[in-house]
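These notes concern the structure reproduced below.
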Amino acid sequence: MRLVLFGPPGAGKGTQARLLAERRGLVQIATGDIIREALKNETPLGKKAKSYVEAGELVPDSLVRDLAENAIADEGYDDFVLDGYPRTDQQAAWLTEFLEEKDRPLDAVISLAVPDEVIVRRLSRRRVHTETGETYHLDHDPPPDDVDPQYIVQRDDDQPETVRNRLSVYRDETKPLEEYYRERGLLQTVDGTGGIEDVYDRVEEVLDDLRASA
Ligand code: AMP
């Protein structure tokens with residue numbers, strides 16, 4: 001199965017993608033995670049991406065394209081869930097072309113719908129483990145006691161000012177892609193509010209319907 005998880009920052013794309021990986025054997029391809037790893041290791045990509053990520057801006061399309069395409073090719077063009085890609089018209093057009101060339105089009109784009117005020121609340125309380133990338137929420141899903149607190153940090157781009165910018169970038173550049181995928185009959189909108197397992201059940205329902213109609 002070839003999926004895109006779509007939605008604003010803080011919609012829960014990463015959380016749901018990880019569950020799909022664990023429970024459905026899909027490989028999670030998260031361009032944000034790949035970029036953060038490059039920043040941490042100060043690779044040439046990391047150095048180029050740094051100022052954009054820190055400001056909550058999108059990294060230029062040409063830099064992200066190879067990350068996504070190489071990761072998909074490594075998985076043999078199947079059984080992946082893209083998390084955070086595509087985010088612009090150009091990226092979506094490249095992705096369509098790239099997959100069509102291999103005759104492996106997307107099965108669905110699952111858009112997680114979450115209102116802005118819920119997102120701001122979620123992101124301000126989100127914490128990540130610097131080594132494992134595991135995410136937590138201080139109120140609903142706090143780090144377990146056996147996790148060393150020195151590894152639990154807030155992402156720089158989860159600061160309120162940067163979150164506001166990321167949301168406005170999402171509205172201007174990324175949200176319009178819903179129309180692109182709706183026109184292609186791929187868009188499935190899922191209510192992204194509520195508990196993690198509730199949202200996962202809704203995602204599974206969509207996948208069951210897709211399987212039934214395949
Ligand atoms: P994320 O973890 O998906 O929220 O991504 C963190 C940051 O990485 C974003 O705010 C962007 O600066 C950058 N990034 C991740 N994916 C993309 C993408 N598809 N296009 C452009 N920039 C991206």
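For clarity, every value in this text was computed on a predicted model and none was experimentally measured. Remember, it's 1-based here, ligands and their atoms both numbered in the order they're listed.
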Have Asp83 and Gln28 got a donor and an acceptor in their side chains that come within less than 3.5 Å? yes
Any N/O of Asp83 closer than 3.5 Å to an N/O of ligand 1? no
Using distance alone, determine whether Pro86 and ligand 1 share an N or O pair under 3.5 Å. no
Quickly, which of Leu58, Val53, Thr174, Leu123 forms a side-chain contact (heavy atoms from CB on, under 4.5 Å) with Arg166? Name it, please. Leu123
Does any donor atom in the side chain of Glu178 or Ser111 lie under 3.5 Å from an acceptor atom in the other side chain? yes
Identify, for atom 6 (C) of ligand 1, the protein heavy atom at the shortest distance, and state residue, atom and that distance. Arg36 NH1, 3.5 Å
For the residue pair Arg23 and Tyr200, would you count it as a cation-pi contact if the rule is NZ or CZ under 6.0 angstrom from the ring centre and within 45 degrees of the ring axis? yes
Evaluating non-hydrogen atoms only, which member of Lys13, Arg166, Arg87 is closest to atom 1 (P) of ligand 1? Arg87
Under 4.0 Å, heavy-atom basis, I'd like to know which part of Ile35 is in contact with ligand 1: side chain, backbone, both or neither. side chain
Counting only heavy atoms, which portion of Gln90 has something under 4.0 Å from ligand 1: side chain, backbone, both, or neither? neither
The answer for which part of Val64 has a heavy atom under 4.0 Å from ligand 1 is side chain
Does the side chain of Thr88 pick up a donor-acceptor pair with the side chain of Asp61 at under 3.5 Å? yes
Please write down residue, atom name and distance for the protein heavy atom closest to atom 5 (O) of ligand 1. Gly32 CA, 3.5 Å
Can you list the ligand 1 atoms lying under 4.0 Å from a non-hydrogen atom of Thr31? 15 (C), 16 (N), 17 (C), 19 (N)
Which option wins on minimum heavy-atom distance to atom 10 (O) of ligand 1: Arg65, Glu57, Lys50? Glu57
Please check if any side-chain donor atom of Thr96 sits under 3.5 Å from a side-chain acceptor atom of Tyr180, or the reverse. yes
The protein heavy atom nearest to atom 20 (N) of ligand 1 is Gln91 NE2, 2.9 Å
If we count only N and O atoms by modelled type, under 3.5 Å, do the side chains of Asp191 and Thr193 hold a donor and an acceptor together? yes
When you look at CD of Glu42, are more than 12 heavy atoms from neighbouring residues, nucleotides or ligands closer to it than 6.0 Å? no
List the closest protein heavy-atom neighbour of atom 22 (N) of ligand 1: residue, atom name, distance to the nearest 0.1 Å. Val59 N, 3.0 Å
Which ligand 1 atoms are under 4.0 Å away from a heavy-atom of Arg155? 1 (P), 2 (O), 4 (O), 6 (C)
Just wondering, more than 12 heavy atoms not from Glu131 lying within 6.0 Å of its CD? yes
